[in-house]
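Note that these values count all heavy atoms, side chains included, but never hydrogens, waters or copies made by symmetry. Just so we're on the same page: letters track the sequence lines, and every chain starts at 1.
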2 protein chains.
Amino acid sequence: MSKNNLHLLKIIVMTLSKAEENYLKAIFKIAEKENKSVSTNAIARHLNTTAASVTDMLRKLSEKELITYEKYKGVSLSTSGNKMATNLIRRHRLWEVFLVNKLRFAWHQVHDIAEELEHIYSEELIARLDAFLDYPKFDPHGDPIPNAEGKFTIRNQTALAELFAGQNGIVLGVKDSRDDFLKYLTDMHIKLGSAIKIQKITHFDKSMHITIDERTEAVISHQVAMNLLVRIQ
Amino acid sequence: MSKNNLHLLKIIVMTLSKAEENYLKAIFKIAEKENKSVSTNAIARHLNTTAASVTDMLRKLSEKELITYEKYKGVSLSTSGNKMATNLIRRHRLWEVFLVNKLRFAWHQVHDIAEELEHIYSEELIARLDAFLDYPKFDPHGDPIPNAEGKFTIRNQTALAELFAGQNGIVLGVKDSRDDFLKYLTDMHIKLGSAIKIQKITHFDKSMHITIDERTEAVISHQVAMNLLVRIQ
DNA sequence: GTCTGAATTTAGGCATGTCTAAAAACAATT
DNA sequence: AATTGTTTTTAGACATGCCTAAATTCAGAC
């Protein structure tokens, strides 16, 4: 076997530690929002650690050619790093679907558990889980689940706040998936698939008077409406 | 809060590392077979590590009062250590049921994946998984799954080798759950619940001529018969 | 009871992933 | 272009969990 082939083998066989995986995921997520190379500080903030620790890890990930890193210039994922991060997101979201659809967890309870489950590495496990869940394209928060090749499904979705009085929307997901927001939605009986009809918008504060699933009347703030994603009917 | 209560709290809240959990499980399993205090070397063999590493860990587990340990005298699990180990076995076996019954993995594929899954700590996850699987009492190898209180279900099971010609047995599990044995059984179409009828026993080598599920005829060695557990019909 | 070989522990090291404190580099303003 | 404040990196430490090699303890044969 030539030296080149050995190099290839190394990449294929490489398995990452939980910490390394979490860094890749963090870089992916930050890069997704801010459209530029990712700063050391941003990663430290995201992972609740120090800039010094981040620098250490960046050196390591760079050696493994998972990121492109130049001192003081921020990082971006390499092709293989991107693949790894996408795969992690796939695993995370599939487990979330499992926890909600099969184990009947509530929206807001699943993130931390999925965070653990995603680090279990087995191609076959994920393939079988995917099949068991019937190849879901979106997770319980409405975020797209990349397929085995890393392709995300895209769909039209609009913040509820964009709609006018009289319009209808079907809830597809949320922009903010923090616990308290998800709990608030659950309390309001708003869930994935709920039909929202805008009855009236108060111009003063842009709060909306809505009907949920043709049953419940409610008033929601502009902030809530901005974080609810719907398909316009 | 008194000092005593704080002590109690510490025990309740304590979470263990993967390594610590694996040691507890190893001690439990070795103690189950050999009916005496567990030796350092036995643990090292079981975990594929060195005696020196084991000693280090025993000191640590002893400080946490999960084991009873005196230098040079072997170890045994304390009450709380036993509880932890039992709970781990519960998690492991529940995940194995999930992998086989829901994800349709084969018998021999599930051990390593369950080995990872068992370390995810969430009371609620396991409670919900248990319910989702319909509170199974035995895992895919026929080993009993302790309930949330740590109680194992006991049932009558006999090695197939104990039966006489003409007797019938229902396969309940295996004594040896190593890959190649499980694969062999799969190839022979022997699975949990299979009905085995003993047609004839060759005295010379105690091999058995059997009928499997009233369909397949086969000859199995004494060694195989000793590792197949059945309920006599 | 002493000896000898096996079992166990101690001592010292190493990799990983974290930290704090200090130094270096950068960028933005004057 | 110098200064200042922020960002990033380096240096040095620490905990965990593992290792090898050496010392110690034990247990069984004599």
Review point. With a distance cut-off below 6.0 Å to the six-membered ring centre and an angular limit of 45° from the axis, does B:K102 pair with A:F98 as a cation-pi contact?
Key: no

Kindly indicate whether the side chain of [X], heavy atoms from C-beta on, has any atom under 4.5 Å from the side chain of [Y].
X: A:I27; Y: A:L58; value: yes
X: A:P136; Y: A:L94; value: yes
X: B:E118; Y: B:K25; value: yes

Review point. Which value, rounded to the nearest 0.5 Å, describes the distance between A:E124 atom CD and B:F105 atom CZ?
Key: 4.5 Å

Check your understanding: To the nearest 0.5 Å, how far apart are OG1 in B:T40 and CG in B:D56?
Key -> 11.0 Å

Exercise for review: Please list residues of residues 45-59 of chain B whose heavy atoms come under 4.0 Å from any atom in DNA chain C, ordered by number; otherwise none.
Suggested key: B:A51, B:A52, B:T55

What is the distance from [atom1] of [X] to [atom2] of [N], rounded to the nearest Å?
X: A:K18; N: C:dA15; atom1: NZ; atom2: C1'; answer: 19 Å
X: B:I30; N: C:dA7; atom1: CD1; atom2: C1'; answer: 15 Å
X: B:L61; N: D:dC18; atom1: CG; atom2: P; answer: 11 Å
X: A:K36; N: D:dT7; atom1: NZ; atom2: P; answer: 11 Å
X: A:E70; N: D:dT7; atom1: CD; atom2: C1'; answer: 16 Å

Check your understanding: Is any side-chain nitrogen or oxygen of B:N41 closer than 4.0 Å to OP1 or OP2 of C:dT8?
Key -> yes

Check your understanding: Between the side chains of A:S39 and A:N41, does any donor sit under 3.5 Å from an acceptor?
Key -> no

Under 3.5 Å, N/O pairs linking protein and nucleotides 22-26 of chain C:
residue : atom : partner : partner atom : Å
C:dA25  : O4'  : A:Y72   : OH           : 3.3

Check your understanding: Does the pair A:D176/A:R178 count as a salt bridge with the N-to-O cut at 4.0 Å?
Key -> yes

